[in-house]
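Only one structure is covered here, and it is reproduced in the block below.
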Amino acid sequence: MSRQMADASICLYTDKTSYQVTCTEDQGIKPGMLEKHAIMELHKATAPKKVPSKLQHKRNEEDIKMSSNLVGSEEGDSQQLSCSCGEEQAKNKSKKKRLKGNLVKKDEGECGPEVDLIIAGKSPNKNIKSPQTQASKESLPQSNKDKGTKGGRGSRKQLFEQYMCTEDVSAGLERGELMKGVLRINPKKYMEAFVPSPDGSADIFLDGIAARNRALNGDVVVVKVLPPEQWKAVGGDLNERTLASQMVPKAPDVIVEAHYNEDDEVIGKMKNVSLHDKALVTTQSVIHGSAFNISGSSSERAMQRTGKVVFIFEQKHSRAASGFLKFLPNKNFAMFSPVDHRIPRVNLPLADCPADFVSRPGDYENTLFICRITHWPADNNFAEGRLAKTLGQAGEIEPETEGIMTEYDVDFSEFSEEVLNCLPQDLPWSIPAHELSRRRDLRKECVFTIDPATARDLDDALSCKQLSDGNFEVGVHIADVSYFVEDGSVLDQIAGKRATSVYLVQKVIPMLPRLLCEELCSLNPLTDRLTFSVIWKLSPEGKILSEWFGRTVICSCIKMSYDHAQSMIEAPDKHFSAEELPPCSPNHRIHEIQEAILDLHNIAKQLRAQRFEGGALQLNQLKLSFTLDKESSMPQGCYVYQYQDSNKLVEEFMLLANMAAAHQIYRTYPELAILRRHPPPQSKMVDDLQEFCDQMGLDIDFNSSGGLHRSLNENLGNDVYAAARREVLTHTCSRAMQMASYFCTGALKDENSFHHYALNVPLYTHFTSPIRRYVDVIVHRLLAASLNCGPPLSLSIEEVHKLASHCNDRKTASKRVQESSSELFFAVFVKECGPLDSEAMVVGVLDQSFDVLVLRYGVQKRIYCNSLEGLKAVHFRKVGKRPEMTLVWEQGDPSKESTQQEISIFTLLDVQLKADGAPMKYSAVLKRPSAYV
């Protein structure tokens, strides 16, 4: 787990809550397995019962409060034209001449009106890439499908604008008239979407489905900014709208350390726009059923630029979704309603549906299906698609899990025979003699692994011995996966396509076949294994005196768990017996291993202190973990994971190895190295956050990563709630952070942009997890070539650039899947064991709701004021950027006056988590203060 921190030492992720799992049966999930010692509090569940699968076809309350610009109806009337679409069409018509340069009017062969047209053919301009469709190719329509009058469709109004041609898009981007960015659709208000501005200013707001022009969440789109008279004047909700637009459908994005997975590095860019510098007071009172807005004049309100999608540069969304079928009487098609509200409803052929669906549609009300969008006509509110698979009953873990993986395009199929034929066929396998002769033999050294107790894919091992001069020889030994994965082989191709292993709560989807993950590459104890090593001569203070890289062979003497290592750290004078530890090689005494761990611990403390003194940033988050029933894999309990010194020990040396590898490959291949960069935060957001913290009375230093780290850890008190306040402030400070990403050094000319902000180092890469990360395999190949112990890399700069981009995409998808899996299991836990009571701390305050951190479980939830029983009124106000709310509670005795409760950031509350009626949904409810009952 700590080696996973190695790159995470800033590694950012959007969700405030990460989850890990301890299973009573060995599942082989390395990042998700925790030791008994890590349990802060274990909440036991009764014997798991089957999760009810009663379906709620209605969308969540916050989603069905649709404004007049909703396209489509719940009943599936695909002919219905929304207000906004009609208005948009009218605007487009009236402005036809003015927009003629942008609304393309060319021959059918050049610019058709639909998504699929952009896919056809190669771009005539090398700067524009044609998006790749992920739908079934045979079902793609012709490019002129929407333009003719055949099939009775000629009278239909065009709801979406035609896409611009690639030539016009390229020219518009070069002139700065158009902007390119990733589309983010608000998961709570799916009529709202955002695209980040390239100059780092406020996001471009896309108001309504017509404005995003059939693009889906995550797509790379080209946007045209609308005239200023069409911009949105926003009172207190600009920040909320942008916050909620992040790609994770939970609470606002947060930048945090990935303590259990190096994939947690995703961050959304949240922007605030202000037309003035002075503090403004915006108030809003809500009395049940009515809202009274009392805000400043329009000149005092924030203005947000609005835009519309004119081209889909790249379809990143899989165009697949899980959801439910709905029967439409007198229609020759059925409606598919996705679970994710950001995806449009889909019309699909009845022939795709189960044979008895027409006669017995009620039998399928609770059944989850997978649908793939094949086409979205310009004259239809709904997309068209094909039914791909029946998953099973909604609310059950396995069908829900498969739906999550399919939506994020995770390849969870079994490896083909062609792939498996690339593996050694003569088993049991042993290292060939000629290979041994090429490597440095470390099999007699005291080498050991430290991992979660149930881990099976052991990537890394450590060694440490004191030298006669008082210094230490410290080694990091990484599984030599590149020896088994030959460049260009079918195995290499599938590994590159998957790019990463995907860790779910109950299982792992491996990047490589299990024969490699769990046996031939895994550094199992008492077994000879091939490794790639970096060995340093270090002073007791952690200063690097010398460094050696090379291919090696080791024989790990013991498989230690984090708990075992922690026990040795906490009891340095204790003599551990063989019965207290896992099987150990007879060639190395337990005392020798303990001494090595204690020496590594002392050096790691020095390295860690130097890192933070040098300006590194680490934003910690609470991690919720699960215990699972070994038979059913249902959650039996959950607890908050405790990060220990043994985790930090491993983390420091993984960081050191990754940095050393980065320097080695960049020194040798300055154009082909694949590194990892983390840009500094957006300056505009930093200024806003500084103002916010000042108004909150918080002394937070945003001038540097090191200053931010120090102030977060030193200026929030040391009482029992200091950690909770730090968590809340992490949530706030993370908004300015950007995404860490892989890149090819030859594709990024400015060496200053290589810098890793959170680690505060000039060069960084990933070297330490090649079993589960394809970038690490490429880094190993670069290292081998640089050391003349492997063939030269056969990739060009462009190929490495594309590979880096693909790995970024798959890391993002993997993170989303992990989060969704964790949400799924916690929802099941709440349903099985709830209601669950806990203290909570307010994270953010909106005009009609507020977000809380549930301290007992480390999750964040939103509480909606209109759902609180006994609440008479809500008064919202903002002083500058500081939001506050007053809740007015009714008294049980009508003769008494109503009582007020103040809500602001850091306020402590009592909440209850309880299951909703819909599958896999749960809510947080504010418990009415006892004094007011």
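Just so it is clear, the structure is predicted and the values come from calculations on it, not from any experiment. By convention here, the first residue in the shown sequence is residue 1.
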Name all residues meeting the side chain to side chain contact (heavy atoms under 4.5 Å, CB included) criterion together with V339; count only those two or more places apart in sequence or in a different chain, and write none if there are none. S322, F324, L368
For a 4.5 angstrom cut-off between non-hydrogen side-chain atoms, does I373 reach R214? no
Run the salt-bridge test on E823 and K861 with the 4.0 Å N-O cut-off and return the result as yes or no. no
Do the non-hydrogen side-chain atoms of C865 and F850 ever get within less than 4.5 Å of each other? yes
Please check: side-chain N/O of S705 versus main-chain N/O of L617, any donor-acceptor pairing under 3.5 Å? no
If every non-hydrogen atom of N808 is compared with every non-hydrogen atom of Y742, which pair is closest and at what distance? OD1-N, 2.8 Å
Evaluation steps, side-chain contact (heavy atoms from CB on, under 4.5 Å), between L871 and W889: CA-CA 5 Å; L871 190 63; W889 294 93; 4.1 Å; yes
Under the side-chain contact (heavy atoms from CB on, under 4.5 Å) criterion, do V843 and V852 qualify, and how do the steps go? CA-CA 5 Å; V843 174; V852 297; 5.6 Å; no
Using every non-hydrogen atom in the two residues, find where N380 and L159 come nearest and quote the distance to one decimal. C-CD1, 3.7 Å
Closer than 3.5 angstrom, by distance alone: can the side chain of R212 be matched with the main-chain N or O of L206 as a donor-acceptor pair? no
With sequence neighbours excluded, tell me which residues meet ring pair (Phe, Tyr, Trp, His ring centres under 6.0 Å) with F754. Y666, F743
Closer than 3.5 angstrom, by distance alone: can the side chain of N213 be matched with the main-chain N or O of E161 as a donor-acceptor pair? yes
Donor-acceptor contact present, side-chain Q848 to main-chain Y864, <3.5 Å: no
Tightest non-hydrogen contact, residues G181 and V195, listed as CA-CG1, 3.8 Å
Please examine the side chains of K316 and T812, heavy atoms only from C-beta on, and report whether any two atoms are closer than 4.5 Å. no
Partner set under side chain to side chain contact (heavy atoms under 4.5 Å, CB included) for T306, not counting sequence neighbours: F205, L226, Q230, W231, K232
Short question: side chain of T907, backbone of I903 - any donor-acceptor pair under 3.5 Å? no
Is the shortest side-chain heavy-atom distance between T886 and R877 below 4.5 Å? yes
Side chain to side chain contact (heavy atoms under 4.5 Å, CB included) filter on H755, not counting sequence neighbours, yields N760
To the nearest 0.5 Å, atom CG of D168 lies from atom CZ of F311 at 10.5 Å
How many angstroms lie between CG in L698 and CG in L689, if you round to the nearest 0.5 Å? 11.0 Å
Interatomic distance, R725 atom CZ to I905 atom CD1 [nearest 0.5 angstrom]: 13.5 Å
Identify, with sequence neighbours excluded, every residue that meets side-chain hydrogen bond (donor to acceptor under 3.5 Å, both in side chains) alongside R882. E884
Between the side chain of R342 and the main-chain N/O of L216, is any donor-acceptor distance below 3.5 Å? no
Between I209 and F160, is a side-chain contact (heavy atoms from CB on, under 4.5 Å) present by the stated rule, with each step listed? CA-CA 9 Å; I209 294 176; F160 300 101; 4.0 Å; yes
Would you give the length of the straight line joining atom NZ of K815 to atom OH of Y408, rounded to the nearest 0.5 angstrom? 10.5 Å
Side-chain touch M179/R305, heavy atoms, less than 4.5 angstrom: yes
Give me the atom names and distance for the closest heavy-atom approach of S904 to V842. O-CB, 3.2 Å
Can you tell whether the side chains of D851 and R862 come within less than 4.0 Å, N to carboxylate O? yes
Of all the heavy-atom pairs spanning I185 and N217, show the shortest one and how long it is. N-OD1, 2.8 Å
Pairing residues for N703 by the side-chain hydrogen bond (donor to acceptor under 3.5 Å, both in side chains) criterion, not counting sequence neighbours: D701
Nearest-0.5 Å distance, CD of residue Q158 to CG of residue D379: 7.5 Å
Locate the shortest heavy-atom distance separating P196 from D203; write the atom from each residue and the value. CA-OD1, 3.4 Å
Flag the pair V222 / M164 as yes when at least one side-chain heavy-atom distance between them is below 4.5 Å, and no otherwise. no
Can you check whether P338 reaches E407 side chain to side chain, under 4.5 Å on heavy atoms? no
Once you round to the nearest 0.5 Å, how far does CG of L729 lie from CD1 of I700? 4.5 Å
Using 4.0 Å as the upper bound for N to carboxylate O, is an ion pair formed by R319 and D219? yes
